[in-house]
Structure formats: C-alpha cells, structure tokens
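Since the structure comes first, as structure tokens, the remarks are kept for the end.
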Amino acid sequence: MNMDQLLQTIRSFDGLLEFAPTEGDEFPPTAWGDHFFYYAPGGQVPKRQQPYATIVTKNYPDDSLSDLDKPGRWRLNIHVGTTTARELTDKTAVPTGDQWDFAAPDVVFPHPLYRHQGWVSIVNPGARTSMLAVRLLRQAHEAARHRLEHRRSRERIEREPGAGGTR
C-alpha cells in the first residue's frame, strides 16, 4: 500500500479532520509534508486532544531511528493504547539484539518515542501490514470519536443546573 492509497482510505472516515502542513502554513517547517489525523466532525480540533494517527515523511531532530530521510520512506504512527501496543509488538516486531529495528519496513513496532503512551508505527506498510494498519486506523478513529462524545456528554452534564457533585 502506498501513501496515497492509505491517505485515500483514511480520508473516507466520517468526521475526519486532517492537517497536512505545507510550506507557508503557520506550522513549523519540520511538520511540512506530514499528516495529522483527528476525529473532529465540526472541522475544529477539540481542545486538549492529540491526533490519533500521523504519517511522517522525514526524520525529526529527536526521532531519526526510522531512517525516513531516504527517498520513498515514510512512517505511519497510530495510537492503539498500551495493551494493544504491547500485544502487537510482542508478536510482530523484529528486535535486533535488545533494541527494536525502528527502520524495518512493513513491520509493526513500538513508536520510537511514544511507545509508553500506546503508539505503534509501521514504516512503509506493505503486504504484511496494510490490512492490519487500516483496521488499527479505523479502531483509533472510533476510539477518538468515543472520547469526544464522552467529553461532550460530561461537559453538558457539568453545565446543567444543580450539577457539581452535591450530595
């Protein structure tokens, strides 16, 4: 699966908000060419919300282990939660010694920086991981939808007269 095919799939999700900074945007140059995905049916990023998935197309100053500066390389990052991340990476990632090979293509591995927060990554998803990647993206999108709906419901309740925890 190439990046355009994956982007087409993600863009079909209901309520998707995609940020894809380009040169001249208000975003820093390090983000140009990358993609950030949110569940935001109103077209506005909800407060205090991180993207549920990203596609990065280059190395960042503190994140170069996936060797993304080589032509044609990119990395899909998905927030799947710590339990799922542990289940996926215990079974599918390719360790090299006591380290992960964060540059291995078409393999699910813990995100090089955010693995403890429940993120997984795949460099250039291909035949082994494309279907899994799409499934994980759909699940992450639905989880983001659920979080937003829960947050909105809680905020409505807090605004109701008499709310505030009195017993």
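Both Val134 and Leu16 are part of a single hydrophobic cluster, where members link through side-chain heavy atoms under 4.5 Å apart.
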- Decide yes or no on side-chain contact (heavy atoms from CB on, under 4.5 Å) for His35 and Leu7, but give the supporting numbers first. CA-CA 9 Å; His35 301 263; Leu7 286 169; 3.8 Å; yes

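Note that CH2 of Trp100 is 4.5 Å distant from OG1 of Thr89, once rounded to the nearest 0.5 Å. In this structure, Ser12 OG and Gln8 CD are separated by 8.0 Å, a value rounded to the nearest 0.5 Å. Annotation: the span from Ile10 atom CD1 to Ile78 atom CD1 amounts to 7.5 Å, rounded to 0.5 Å. The distance from atom OH of Tyr52 to atom CG of Leu136, rounded to the nearest 0.5 Å, is 12.0 Å. In this structure, the separation between CZ on Arg147 and CD on Glu142 is 11.0 Å, given to the nearest 0.5 Å. To the nearest 0.5 angstrom, Arg115 atom CZ is 9.5 Å from Gln117 atom CD.
Nearest heavy-atom pair across Met1 and Trp74 is O-CZ2, 3.9 Å. In terms of heavy atoms, Ser66 sits closest to Arg73 at O-NH2, 2.7 Å. Nearest heavy-atom pair across Tyr39 and Asp14 is CE1-O, 3.5 Å. Shortest non-hydrogen contact noted between Val80 and Ala85 is CG2-N, 3.5 Å. When every heavy atom of Ser121 is checked against every heavy atom of Arg75, the shortest pair comes out as CB-CD, 3.6 Å. Nearest heavy-atom pair, Phe37 versus Ile55, reported as atom, atom and distance to 0.1 Å: CE1-CG1, 4.0 Å.
Looking only at distances, a side-chain donor or acceptor of Asp25 sits under 3.5 Å from a matching main-chain atom of Thr22. Here the side chain of Thr129 pairs no donor or acceptor atom with the backbone of Pro125 at under 3.5 angstrom.
Ring centroid separation for the pair Tyr38 and Phe19 comes in under the 6.0 Å cut-off.
Atom CG of Asp69 has more than 12 neighbouring heavy atoms from other residues, nucleotides or ligands inside a 6.0 Å radius. Within 6.0 Å of atom CZ in Phe13, more than 12 heavy atoms from other residues, nucleotides or ligands are found, so the atom counts as buried in its surroundings. The 12-atom threshold is not exceeded at CD of Gln50, counting heavy atoms of other residues, nucleotides or ligands nearer than 6.0 Å.
The aromatic rings of His111 and Trp119 sit perpendicular to each other, their planes meeting at more than 60°, with 30° as the lower class boundary.
Phe109 places none of its side-chain heavy atoms less than 4.5 Å from the side chain of Leu65. Asp34 has its side chain out of reach of Thr54: every pair of non-hydrogen atoms, C-beta onward, lies at least 4.5 Å apart.
Exactly one residue among Thr9, Leu132, Leu76 makes a side chain to side chain contact (heavy atoms under 4.5 Å, CB included) with Leu137. That residue is Leu76.
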